[in-house]
Amino acid sequence: MSYIVDDDTLTKLADIIGGEDAVKIINVLKNSDEVTDEEIVEKTGVKLNDVRKILYKFYDHSIVSLRRTRDRKTGWFIFHWKLQTNQIEGYIKNLKLRVLEKLEIRLQYEKTHDFYHCGNSECERLTFEEAMENFFRCPKCGRPLQHFDNGEFIKKLQAKIEELRRELYG
Amino acid sequence: MGSRSSNRSDLERRALEIIINSREKGILQSELWRDLNASSREGSRISIKLEKKGLIKRRRELANGRWTYRLFTDRMPPRIDSIFDSPCVRCDDFYRCGYGGAVSPNKCVKLMRWILKN
């Protein structure tokens, strides 16, 4: 028995994987031992195709397990789904590790580059090399480029990295 | 007999769910049995069982002039809040984005907005 996942986390995880419909589905799975796709359709009102798509997404991440039986009358397969709460901690940890990796890559990039920007929020920042190539004019709006201070971004990036490291490694 | 034991394990599961959802704060034993519609005798038995399994901890506490127990999870459940609003976890390129990959986080505007919003 390993039921160490709270409702809030389960709901948020389902939302990340498949949005509102996935939340409805996970609520049914959470309250049942094993459940078929058709029973989920009945309880959630979500279309069968969408239910199956989301269940396979859960299955890809081992959040649910699948058992297959054959209907004696029709000969068709019946799929029985079960929530695997003991896999969720590992899945969340993996998500965090991957996000952390991206943030660390970005931090390195921010620390080793100088940036230039035109001040227009719709335009992208350019590195020093890119700004030179464009004669310090924004290639999108044509405005002159000014040096962009990324100090605040670096500070917040480091704070987020620290937060994730603490959660992952204590 | 089978049904009685399945009722018991169902009650155990529901009790654990409530304790987990109460997170760090925990829940008083008396409040829990009220929520579960269980007798205090049955309740104490289940909480001792959960403690023995290493799933919860019981701490003595004086509430309204009576000694009772506060129950809380031994192991904290995982939290997803720190990355829930991250654009990465909903990005189609989540598993492709990285060092030297076809997609890189270096120029991601969504990632920058997310970090600056925090």
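Atom set for the values below is all heavy atoms of this structure, side chains included, hydrogens, waters and symmetry mates excluded. Just so we're on the same page: letters track the sequence lines, and every chain starts at 1.
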Atom CG of B:Asp81 with >12 non-hydrogen neighbours under 6.0 angstrom: yes
Region of A:Leu103 that comes under 4.5 Å of a non-hydrogen atom in chain B: side chain
Greatest number of heavy atom pairs closer than 4.5 Å to chain B - which of A:His113, A:Glu101, A:Lys96: A:Lys96
Salt-bridge contact A:Lys12-B:Asp85 (side-chain N to carboxylate O under 4.0 Å): no
Approximate separation, where rounding is to 0.5 Å, of A:Arg98 CZ and B:Tyr95 OH: 6.0 Å
Selection from A:Glu110, A:Arg106, A:Glu124 maximising heavy-atom pairs under 4.5 Å formed with chain B: A:Arg106
Pick from B:Val109, B:Ile19, B:Val89, B:Asn106 with the largest number of heavy-atom pairs that fall under 4.5 Å of chain A: B:Asn106
pair A:Ile16-B:Ile80: side-chain heavy atoms closer than 4.5 Å: yes
Spacing of B:Phe84 atom CZ and A:Leu95 atom CG [to the nearest 0.5 Å]: 12.0 Å
Interatomic spacing from NZ in B:Lys107 to CG in A:Leu126 - rounded to 0.5 Å: 6.0 Å
For chain B, which residues of residues 145-157 of chain A have heavy atoms nearer than 4.5 angstrom: A:Phe148, A:Glu152, A:Phe153, A:Lys156, A:Leu157
Crowding at CG, B:Asp92 (>12 non-hydrogen neighbours, <6.0 Å): no
Hydrophobic cluster identity match, B:Leu11 and B:Ile56, side-chain contacts under 4.5 Å: yes
Part of A:Ile105 lying under 4.5 Å from any heavy atom of chain B: both
Linked, directly or transitively: A:Leu13 and A:Leu97 (ILVMFWY side chains, under 4.5 Å): yes
Shortest non-hydrogen contact from B:Pro78 toward A:Thr9: O-OG1, 3.2 Å
Shared hydrophobic cluster, A:Ile78 / A:Ile54 (ILVMFWY, side-chain heavy atoms < 4.5 Å): no
B:Cys97, part contacting chain A, at a heavy-atom distance under 4.5 Å: both
Other residues, nucleotides, ligands: >12 heavy atoms within 6.0 Å of A:Trp76 CH2: no
A:Phe79 reachable from A:Val51 in the ILVMFWY side-chain graph, under 4.5 Å edges: yes
Chain A neighbours within residues 111-118 of chain B, where any heavy atom lies under 4.5 Å away: B:Leu111, B:Met112, B:Trp114, B:Ile115, B:Leu116, B:Asn118
Side chains of A:Lys102 and B:Phe94 in contact at under 4.5 Å (non-hydrogen atoms): yes
Candidate list A:Glu163, A:Lys160, A:Glu167, test side chain to side chain donor-acceptor pair (under 3.5 Å), partner B:Ser82, passing option: A:Glu167
Steps toward side-chain contact (heavy atoms from CB on, under 4.5 Å) verdict (A:Ile92, B:Arg79): CA-CA 8 Å; A:Ile92 292 175; B:Arg79 302 229 58 162; over 6 Å; no
Residue A:Glu20 excluded, over 12 heavy atoms near CD under 6.0 Å: no
Heavy-atom neighbours of A:Tyr109 OH exceed 12 at 6.0 Å: yes
Structural part of A:Tyr91 lying under 4.5 Å from a heavy atom of chain B: side chain
Joint cluster assignment, A:Ile161 & B:Tyr99, ILVMFWY side-chain distance < 4.5 Å: no
